[in-house]
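Notes for the one structure printed next.
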Amino acid sequence: RRNGHRRGAATRRWHLPVFSMSTRSVGRARLRDAKEVADFCGEKLKLELRGSREQRMATLLQAAHVLTPHTNLAFARKRYSWARPRAVHEASARLTLPNTVDEIKREFGAQRVDLTHLHTFTIDDVSTQDMDDAISFERSRDGFSLGIHISDVASLLPLNSVLEQEALRRGTSIYAPERTANMLPDTLAENLFSLREGQLRLTMSCLIELNQRLEISKAAIVPSIIKVARRYNYAEVDEMLYKADSELHTLYNISSGLEAIRIENGAFRAGKREIIVGPSPDGGLRLVEIDENSPARSTVSELMVLANRVLADYGARHRLPLIYRGQTAPDPSEHSESAHDIPEGPAQDYSMRSRLKKSFTSVTPARHASLALDAYIQATSPIRRYADIVNQRQLLAHLAGQTPPHSAEDLEKIIEALSEPLAVAQSISKESKRFWLLRYIEHLQSKNELLTGVVLRTDLRHPLVEIRELVMPTLAKIEVPVKPGDVLQFRIQRVDARNDILRLEVVQKLSA
């Protein structure tokens, strides 16, 4: 339809060919049909369609103003569905939380502990809406009292309900630079389940006593009620931590000490920076640098490791079937070149990270090498990870003296069911990040700017380099001899974000 967006505007109807499905492969038929539809419409619109089926269809949809030249197609490629069944929306609308502590206890059990007297706070990105963990701490006679309070999604989400099936189907939330795809409906993920400032919320709290040597002297897990007193973002916490007398400085020292103990026991840590490029409100591009080792981020990360460790130890001690995470220690014999032979910087960090084995899931406790822990689970992000909801449900049932709802065999099936949606989510996240990075490189090419790259590895068909300006790994055709750690300057020969094309030409070698 042309000009049909205005009431009363003239419209033009086309009769598209009707395609009947035979017993042949549905996948092949869909590809053939897509090409025929694109060609038919392109001919009617007098468009010159070139390239692959995807490129031809994208050109057609762009002409129809469905897409723009800057539309990220990662979600479409993976056939990600934004729509949710009506039953899911209806079920989410029915979920509510009473307005007083007494009413909450009457509905969710008198054993739920009232912790609203604690000064709890959240620390997240400034744009985060799904806050699923909060922190409290104070000095005690023998050391420190820590509280890590996790949104109690499991108690609000009925077992085997349409909402839980929706969470299982999606597996996880997806955070793309231009938008967030929440695992659960936004009204739940960003409101009822989110630990919002000044609101009563159901939580599962890890209450941990640390002595002066930062050893755990006592730990308890309780279903609880909290009211977040303050919301912080990472930037303002970093600024506060530069002042030695800030209220959060003690917490930073505690987390740093806990991490140091893990590193002494064999834990792995490497520098990690990330540049996120995304659309800005004015139609341009914005760059956000994320330093995972910044004081605020490392503080929160270490406290979540501590909470997950306490929860895993509880599960291991009581032989609970949980979705544990493990990681085998790297085998030194598999790598002839030592990371210490490579200059410090991105190449050495990459070499050290590449030695790590991929983590795995298990229904029984397993050693996690890079964390230096004998048992570990993920349970601190139930708003965005379905596996965390499962672990939370298992733990809360045992704490209430009930049989956990899932057996080890059930958990194996859940792990298998999660494999595909988690792979899809990971692929969309990776493609989306690269798309926007390439969009920024298109901007740099228009200004004839050069790029600097550090060689990460040379054992592939083309060397893998990290573009310094964007902390972006990419393959580059390099004619001159190079080794890991070499720094090169590149000219942008060709870049096409839509079709994931980046070709670089070496201008000069800056260092070796």
Side-chain angles (χ1 to χ4, degrees), residues 118-138 146-151 153 172-183 186-201 203 205 226-256 258-259 271-282 284-308 380-385 388 429 432-433 436 471:
L118 294 178
H119 179 78
T120 55
F121 52 89
T122 60
I123 306 175
D124 286 284
D125 276 313
V126 67
S127 60
T128 298
Q129 297 300 317
D130 53 339
M131 286 80 75
D132 46 18
D133 55 75
I135 301 163
S136 64
F137 82 99
E138 55 189 16
L146 282 178
I148 294 94
H149 313 275
I150 307 157
S151 176
V153 175
T172 185
S173 297
I174 303 175
Y175 301 94
E178 74 275 27
R179 66 191 303 186
T180 296
N182 285 313
M183 177 179 70
D186 296 351
T187 54
L188 298 180
E190 299 178 2
N191 191 353
L192 185 63
F193 294 162
S194 184
L195 304 184
R196 304 185 72 84
E197 185 177 345
Q199 300 293 316
L200 289 175
R201 288 294 183 259
T203 45
S205 297
I226 69 165
K227 180 186 286 188
V228 171
R230 182 167 179 182
R231 173 182 176 170
Y232 293 102
N233 63 61
Y234 288 121
E236 65 180 323
V237 171
D238 280 332
E239 185 175 346
M240 293 173 67
L241 291 177
Y242 285 121
K243 304 172 183 178
D245 60 345
S246 77
E247 60 178 316
L248 296 176
H249 206 271
T250 300
L251 188 64
Y252 170 64
N253 288 335
I254 292 170
S255 66
S256 298
L258 290 170
E259 183 184 44
K272 184 180 179 184
R273 288 174 56 244
E274 187 176 15
I275 301 293
I276 301 295
V277 177
S280 61
D282 61 4
L285 297 173
R286 61 182 177 85
L287 277 71
V288 178
E289 180 174 353
I290 297 176
D291 180 4
E292 294 293 345
N293 293 328
S294 73
R297 289 181 184 274
S298 61
T299 296
V300 173
S301 175
E302 189 60 37
L303 293 179
M304 295 309 111
V305 169
L306 176 63
N308 285 321
T380 54
S381 297
I383 298 177
R384 65 182 179 91
R385 284 194 301 246
D388 292 40
S429 297
S432 297
K433 180 187 174 184
W436 288 105
V471 198

So, the side chain of [X] versus the backbone of [Y]: is there a donor-acceptor pair under 3.5 Å, distance only?
X	Y	answer
Arg231	Val126	yes
Asp291	Arg273	no
Ser151	Phe193	yes
Ser173	Met183	yes

Is there side-chain contact between [X] and [Y], with at least one heavy-atom pair below 4.5 Å?
X	Y	result
Leu241	Leu248	yes
Asp186	Gln129	no
Leu251	Thr299	yes
Tyr252	Val237	no
Pro382	Ile150	yes

Can you tell me how far [atom2] of [Y] sits from [atom1] of [X], rounded to the nearest 0.5 angstrom?
X	Y	atom1	atom2	answer
Glu197	Thr120	CD	OG1	9.5 Å
Ile276	Lys433	CD1	NZ	5.0 Å
Asp133	Asp124	CG	CG	6.0 Å
Ser255	Met304	OG	CE	10.5 Å
Ile383	Leu195	CD1	CG	6.0 Å
Ser301	Glu259	OG	CD	7.5 Å

Mind listing the closest non-hydrogen atom pair of [X] and [Y] along with its distance?
X	Y	answer
Leu303	Leu146	CD2-CD1, 4.0 Å
Asp238	Ala296	OD1-N, 2.8 Å
Arg196	Val228	O-CB, 3.9 Å
Ser280	Arg286	CB-CB, 4.1 Å
Pro177	Pro279	O-CD, 4.3 Å
His149	Leu118	CE1-CD1, 3.9 Å

From CA spacing to verdict: side-chain contact (heavy atoms from CB on, under 4.5 Å), Thr187, Leu192: CA-CA 7 Å; Thr187 54; Leu192 185 63; over 6 Å; no
Does any donor atom in the side chain of Ser127 or Asp125 lie under 3.5 Å from an acceptor atom in the other side chain? no
Is it true that, when you exclude Glu289 itself, more than 12 heavy atoms of the residues, nucleotides or ligands shown sit nearer than 6.0 Å to its CD? yes
Between Arg201 and Asp132, is there a side-chain N and carboxylate O pair less than 4.0 Å apart? no
Side chain to side chain donor-acceptor pair (under 3.5 Å) between Ser136 and His119: does it pass, once the steps are laid out? CA-CA 6 Å; Ser136 64; His119 179 78; over 6 Å; no
CA sep, side-chain torsions, deciding dist, call: Tyr175, Asp130, side chain to side chain donor-acceptor pair (under 3.5 Å): CA-CA 11 Å; Tyr175 301 94; Asp130 53 339; 2.4 Å; yes
